[in-house]
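Because only heavy atoms are used, hydrogens play no part in the values below, and waters and symmetry mates are left out as well, while side chains stay in. In what follows, chains carry the letters A, B, and so on, assigned in the order in which the sequence lines appear, proteins first and then strands, with residues in each chain numbered from 1.
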There are 4 protein chains.
Amino acid sequence: MRARTFTESGRRAQIVRAAIEVIAEAGYAKASFSRIAKHAGLSSTGMISYHFAGKDDLLAVCVTEIEKITGAFMGPRIDAAVGHVAQLRAYVESNVALVGEHPAEVRALIDLVKNAGSQSASVNGRIALFEEHFRTGQAAGVFGRFDPRTAALAFTTGLDAVVAIAAAAVPEPAELTRIGRELADLYVRATAPETTGEPA
Amino acid sequence: MRARTFTESGRRAQIVRAAIEVIAEAGYAKASFSRIAKHAGLSSTGMISYHFAGKDDLLAVCVTEIEKITGAFMGPRIDAAVGHVAQLRAYVESNVALVGEHPAEVRALIDLVKNAGSQSASVNGRIALFEEHFRTGQAAGVFGRFDPRTAALAFTTGLDAVVAIAAAAVPEPAELTRIGRELADLYVRATAPETTGEPA
Amino acid sequence: MRARTFTESGRRAQIVRAAIEVIAEAGYAKASFSRIAKHAGLSSTGMISYHFAGKDDLLAVCVTEIEKITGAFMGPRIDAAVGHVAQLRAYVESNVALVGEHPAEVRALIDLVKNAGSQSASVNGRIALFEEHFRTGQAAGVFGRFDPRTAALAFTTGLDAVVAIAAAAVPEPAELTRIGRELADLYVRATAPETTGEPA
Amino acid sequence: MRARTFTESGRRAQIVRAAIEVIAEAGYAKASFSRIAKHAGLSSTGMISYHFAGKDDLLAVCVTEIEKITGAFMGPRIDAAVGHVAQLRAYVESNVALVGEHPAEVRALIDLVKNAGSQSASVNGRIALFEEHFRTGQAAGVFGRFDPRTAALAFTTGLDAVVAIAAAAVPEPAELTRIGRELADLYVRATAPETTGEPA
DNA sequence: CATGAATGAGGCTTCATTCAT
DNA sequence: GATGAATGAAGCCTCATTCAT
């Protein structure tokens with residue numbers, strides 16, 4: 001019954017878009033209201049304060065917006081994978097591939113995650129998702145024995161770093177694919193069950 | 001004949017110490033001159049500008065200072081290890097163990113690295129170190145086939161993340177040891193040579 | 001459709017006015033934002049930065065504003081004069097007379113010119129104007145032989161000095177008129193064609 | 001009986017020299033104690049405050065020092081000239097020629113005069129000198145009728161401007177000589193007695 | 001005497017936010 | 001509902017000067 005959709009009102013969407021682009025281009029630290037307003041073609045920062053409760057609010061909406069986009073890209077690819085291992089690989093590879101499609105959004109999101117840090121539900125959500133994925137996979141016997149939390153932490157951030165470097169200077173699609181597979185290989189191997197060395 | 005005392009003039013050291021503590025406690029973004037001055041018991045921020053060429057200079061000195069401390073702790077442990085694999089493990093484990101000894105320095109360094117970003121020689125230096133380590137290890141046949149650069153990137157940042165979480169709420173030494181071993185295990189497994197599966 | 005009001009938004013004009021008065025009263029060196037803000041009745045210097053891109057911008061606008069005023073006074077008087085010599089005289093005399101009408105503006109402009117120096121287009125513009133005037137006058141035979149550039153330089157600055165002294169303690173109108181004529185006489189005589197020792 | 005000569009003590013002279021050079025190179029506005037100290041190879045500005053009562057004191061000493069130098073150059077040349085007119089010409093021409101010998105000092109002095117302004121005894125002294133010279137010359141009948149004060153003001157500043165331009169980019173000696181003669185011609189002509197036009 | 005660390009004020013600029021229109 | 005001017009705090013930095021050593 002609410003009139004407003006998620007980002008809407010035109011103005012809101014416009015501001016969110018500008019904020020994302022500014023963060024992608026100039027970095028989180030430089031993403032001031034005035035810079036965002038200028039980028040959006042607004043004459044005043046008051047406009048932003050009017051539409052958002054504060055800077056945190058705007059940034060949170062940016063995160064949500066970007067996640068909607070990334071989710072649309074990665075979600076189907078992950079869902080298409082069958083089994084814990086394949087899904088892990090799909091997550092990593094599709095995340096790296098995403099750079100080719102939405103470099104600005106990826107750059108912005110990583111910067112937001114780095115700076116909003118542990119306050120963000122979505123950041124912790126992703127770690128928790130990995131952790132849970134590892135845990136259930138271990139229960140199913142498709143992952144080896146390791147601390148799911150430590151692995152989740154190390155792998156999500158490692159993934160972000162690789163993606164950030166790629167996003168900074170987007171390489172050829174083929175190279176992106178290679179990098180994604182390389183990283184997925186590493187993670188898959190790290191989490192593989194112990195080979196008990198059984199013969200044929 | 002005196003060029004400059006050890007960490008220089010007492011005041012300099014005091015300011016560097018204060019800066020490190022402020023960054024550790026309040027984060028990079030909040031580490032303003034006035035906050036650092038207050039923490040150091042100085043009457044004005046002018047004092048900091050008097051001793052350092054600028055904010056970048058102060059932060060660079062902080063990084064150097066912290067690396068001296070971490071190097072003194074990790075260096076011997078890494079050097080004591082024999083072989084590429086053992087050294088990789090020693091690096092990871094001693095880095096996590098370091099949290100128990102110098103939590104503030106670790107917290108500060110990670111925040112500095114995150115924000116100084118790719119401008120810092122020391123950051124890129126560490127990645128390059130890992131990369132080279134992987135490359136020579138592969139040549140020696142003790143590491144498997146994988147892209148050394150991708151692994152270096154993912155592992156150093158993953159390590160930082162694990163360390164950062166540990167540093168945020170320092171756990172028992174035993175728990176630290178466990179986390180370190182867990183992470184080392186993951187990395188060692190990820191980089192292990194392919195088992196050609198030959199039977200007994 | 002509105003682009004910008006006349007001297008812009010009232011506040012802008014108010015700030016420019018305050019800046020001119022501060023420069024006139026306290027001198028260029030003392031014309032800090034905080035002094036100007038205080039003079040303008042503003043609560044903070046931020047307001048000035050809000051309306052102007054920086055100090056240089058504000059000062060440039062001041063120069064433009066003052067030149068508009070002085071141009072309105074001197075322009076018609078110069079245009080009314082016929083011939084190069086009469087125009088030179090009209091320039092000098094009207095410039096000195098201007099002190100009686102707008103002493104603050106004159107004081108401020110001279111101080112601005114002295115300190116903004118050779119960066120300003122308007123300063124060099126005036127010298128170039130004199131130089132060109134001398135050159136065409138020489139071609140027409142109404143001026144003698146002399147280096148137009150040196151004369152332009154010496155005469156504009158000499159004029160400024162005389163005007164500055166007058167502006168510092170504005171004398172009676174009659175005295176102003178006398179000073180103007182005196183200076184014009186000097187310049188006219190200095191630039192007169194050589195008397196060719198007329199025949200009987 | 002005093003132990004100290006004018007500028008002496010080595011340190012004092014060193015500082016004065018550095019100050020003059022800084023003013024010549026960077027301008028009056030940039031001539032801060034720290035910049036001067038750096039230029040002089042001093043480690044602290046305290047040194048300057050120790051040797052001079054304050055900034056004004058240092059600058060006054062600079063002016064005195066420069067005038068000693070310029071006086072040594074111009075003095076003999078002026079004294080060698082016979083008659084009011086020739087002396088006026090000698091003053092102007094030797095002042096311009098001075099640029100070829102001591103460009104830094106000339107640059108510095110002009111900047112000091114411009115900014116110290118009417119507070120300086122020496123500035124007003126020079127104007128007074130010109131004024132008196134004109135007055136006695138008029139009494140002797142070698143100058144025409146004009147206001148000595150106005151002429152003194154306009155000519156000294158005009159001379160300064162010409163000299164400043166020359167000092168900014170020192171031209172060939174021959175060009176300097178030409179400029180000096182040009183300016184002297186202008187001033188001589190401007191102050192010449194009225195030719196009553198009587199025939200032979 | 002000489003030093004250089006310390007001071008405290010003031011410089012310009014940018015920020016997120018508020019509020020009258 | 002939307003605007004943009006206004007705010008006031010905080011940012012880093014430079015200054016001339018002082019004072020204990």
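- Using Watson-Crick or G-U wobble geometry with both donor-acceptor distances under 3.5 Å, E:dC12 finds its partner in F:dG11.
- F:dA20: Watson-Crick or G-U partner is E:dT3, with both key distances under 3.5 Å.
- Looking at C:Glu105 and C:Arg17, a side-chain N of the basic residue comes within less than 4.0 Å of a carboxylate O on the acidic one, giving a salt bridge.
- Nucleic acid contact class of D:Ser32 (heavy atoms, under 4.0 Å, all strands): sugar-phosphate only.
- Between the CG atom of D:Asp56 and the C1' atom of F:dT17 there is a distance of 13 Å, given to the nearest Å.
- With rounding to whole Å, A:His51 atom NE2 is found 7 Å from F:dT3 atom P.
- Residue B:Ser34 is in sugar-phosphate contact alone, with no base atom involved, counting any heavy-atom pair closer than 4.0 Å across all strands shown.
- Residue contacts for C:Ser43: at a heavy-atom cut-off of 4.0 Å it reaches the sugar-phosphate backbone alone, with no base atom in range.
- Listed nucleotides F:dT17, F:dA6, F:dT14 differ in distance to D:Thr45; the shortest reach to its side chain belongs to F:dT17.
- With values rounded to the nearest 0.5 angstrom, A:Arg12 atom CZ is found 4.5 Å from A:Phe52 atom CZ.
- Between B:Leu42 and C:Ala31, the residue whose closest nucleotide on DNA chain E is further toward the 5' end is B:Leu42.
- For the atom pair CG (B:Leu59) and OH (B:Tyr28), the distance works out to 5.5 Å, reported to the nearest 0.5 Å.
- The CZ atom of D:Phe33 sits 21 Å away from the P atom of E:dA6 (whole-angstrom rounding).
- In terms of phosphate contacts, D:Arg11 brings no side-chain nitrogen or oxygen within less than 4.0 Å of OP1 or OP2 of E:dA2.
- Taking 4.5 Å as the limit, every side-chain heavy atom of D:Val22 sits out of range of all side-chain heavy atoms of D:Lys30.
- Put simply, NZ on A:Lys55 is 8 Å from P on E:dC15, counting in whole angstrom units.
- Rounded to an integer number of Å, the gap from C:Ile48 CD1 to E:dG11 P is 11 Å.
- A residue-by-residue look at D:Ser44 and C:Ser44 shows that C:Ser44 has its nearest nucleotide of DNA chain F further toward the 5' end.
- Taking atom CE of D:Met47 as the reference point, atom C1' of E:dT3 lies 7 Å away to the nearest angstrom.
- Between A:Arg126 and A:Asp160 a salt bridge is recorded (basic side-chain N to carboxylate O distance below 4.0 Å).
- In this structure, D:Ile36 atom CD1 and F:dT14 atom P are separated by 16 Å, rounded to whole Å.
- Across the protein-nucleic acid pair, B:Arg12 atom CZ and E:dA6 atom C1' stand 16 Å apart, rounded to whole Å.
- Contact between the side-chain N/O atoms of A:Arg35 and the OP1/OP2 oxygens of E:dA16 is not found at any separation under 4.0 Å.
- At a threshold of 4.0 angstrom between heavy atoms, the contacts of A:Tyr50 include nucleobase atoms, whether or not backbone atoms are also involved.
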